[in-house]
Amino acid sequence: EADIYQTPRYLVIGTGKKITLECSQTMGHDKMYWYQQDPGMELHLIHYSYGVNSTEKGDLSSESTVSRIRTEHFPLTLESARPSHTSQYLCASSEAPTGDNEQFFGPGTRLTVL
Amino acid sequence: GENVEQHPSTLSVQEGDSAVIKCTYSDSASNYFPWYKQELGKRPQLIIDIRSNVGEKKDQRIAVTLNKTAKHFSLHITETQPEDSAVYFCAANTGGFKTIFGAGTRLFVKA
């Protein structure tokens with residue numbers, strides 16, 4: 001079944017650790033996004049990608065980086081995690097090259113940095 | 001840039017009553033307005049969307065209206081049920097790369 005997957009679902013780590021949040025989609029979509037969301041609160045766009053080898057920063061300043069080497073894979077990396085990074089991270093994808101189409105969200109990764 | 005304001009932030013209704021959530025947007029070039037529902041602990045999912053060439057769209061108990069002149073759009077849920085309890089996000093897009101989301105409305109439907 002076509003879907004969008006995120007791993008891990010929950011992660012508790014110590015300050016200063018490097019982490020990578022994985023996102024994969026089997027929907028064949030070109031556009032992918034990363035949002036930061038405190039549970040039930042506003043969605044903040046932190047990164048997006050038009051396709052392979054394309055990455056852009058979103059509105060919310062983030063110390064994370066992303067890569068897009070394969071269409072289906074869009075990992076997010078934090079080089080040195082801090083307590084201020086504690087949040088939920090949602091990955092999403094959409095079919096259209098423009099934004100005027102449905103976004104499909106992954107289940108999210110809930111990150112806690114101690 | 002585009003800004004989307006959403007009201008109210010919290011809404012509590014009795015089961016069977018109607019619920020209305022309102023959003024305003026700032027960029028007159030916006031042409032796509034989706035609504036997402038996020039249940040507790042779940043991912044946001046699209047429930048209805050509307051494009052700027054129509055003024056109203058309905059899907060069973062859910063309807064969305066759009067007033068381009070006033071730059072506002074609303075979500076209407078009739079005959080609310082407990083399973084409608086969730087956070088609802090409106091959004092606006094100009095056809096560009098970014099969809100701007102509202103801050104969300106937490107809807108409680110009391111049985």
Side-chain angles (χ1 to χ4, degrees), chain A residues 2-7 9-10 21 23-25 27 29-51 54-60 66 68 74 87-110, chain B residues 1-7 9-11 21 23 25-27 29-54 57 59 64 66 73 85-108:
Chain A
D3 204 348
I4 181 163
Y5 304 92
Q6 290 186 244
T7 57
R9 294 292 313 279
Y10 302 91
L21 307 185
C23 176
S24 294
Q25 50 99 0
M27 309 184 85
H29 290 166
D30 285 324
K31 287 198 71 178
M32 295 189 75
Y33 315 78
W34 275 104
Y35 292 91
Q36 185 174 339
Q37 182 194 35
D38 291 330
M41 304 297 284
E42 194 167 354
L43 289 148
H44 297 284
L45 181 67
I46 50 175
H47 295 283
Y48 61 97
S49 166
Y50 290 107
S54 153
T55 62
E56 303 286 345
K57 286 188 180 292
D59 289 329
L60 184 67
V66 292
R68 190 88 184 274
F74 191 41
S87 188
Q88 176 169 248
Y89 293 84
L90 287 167
C91 182
S93 71
S94 66
E95 180 178 10
T98 55
D100 55 347
N101 217 316
E102 178 179 2
Q103 291 188 29
F104 294 86
F105 287 86
T109 294
R110 189 160 294 187
Chain B
E2 174 72 283
N3 183 50
V4 176
E5 293 190 1
Q6 183 171 348
H7 300 280
S9 57
T10 304
L11 179 60
I21 302 169
C23 290
Y25 60 98
S26 60
D27 192 337
S30 294
N31 57 15
Y32 175 63
F33 306 91
W35 286 87
Y36 289 84
K37 174 184 180 182
Q38 187 177 27
E39 296 178 21
L40 187 64
K42 301 284 182 66
R43 66 185 84 182
Q45 290 189 302
L46 182 78
I47 55 170
I48 195 167
D49 56 13
I50 191 168
R51 298 184 188 274
S52 58
N53 57 347
V54 298
K57 185 176 178 181
D59 183 4
V64 58
L66 171 64
F73 56 113
S85 295
V87 180
Y88 291 81
F89 293 96
C90 64
N93 185 280
T94 61
F97 59 85
K98 272 194 297 187
T99 294
I100 307 300
F101 288 86
T105 295
R106 197 174 296 269
L107 174 65
F108 296 95

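The shown structure was predicted, so the numbers you read here are calculated from the model rather than taken from an experiment. Computed from heavy atoms alone, side chains included, the values below leave out hydrogens, waters and symmetry copies. Chain naming here is simple, since letters A, B, ... match the order of the sequence lines and numbering starts at 1 in each.
We find the CG-CD1 distance between A:L45 and B:I100 to be 7.5 Å, quoted to the nearest 0.5 Å. Atoms CD and CG, from A:Q103 and B:N93 in turn, are 8.0 Å apart once rounded to the nearest 0.5 Å. Interatomic distance, A:M41 CE to B:S9 OG, rounded to the nearest 0.5 Å: 9.0 Å.
Looking at A:P39, the atoms closer than 4.5 Å to chain B (heavy atoms on both sides) all sit in the backbone: N, CA, C or O. Neither the backbone nor the side chain of A:E56 comes within contact range of chain B; no heavy atom of the residue lies under 4.5 Å from a heavy atom of that chain.
If you tally non-hydrogen atom pairs under 4.5 Å between each of B:E39, B:R106, B:Q6 and chain A, the highest count goes to B:R106.
For the ring-ring contact (aromatic ring centres under 6.0 Å, His included) test, residues two or more places apart in sequence or in another chain that qualify with B:F101 are A:Y35, B:Y36.
By a heavy-atom distance cut of under 4.5 Å, B:R43, B:P44, B:L46, B:R51 are the residues of residues 43-53 of chain B near chain A, going up by number.
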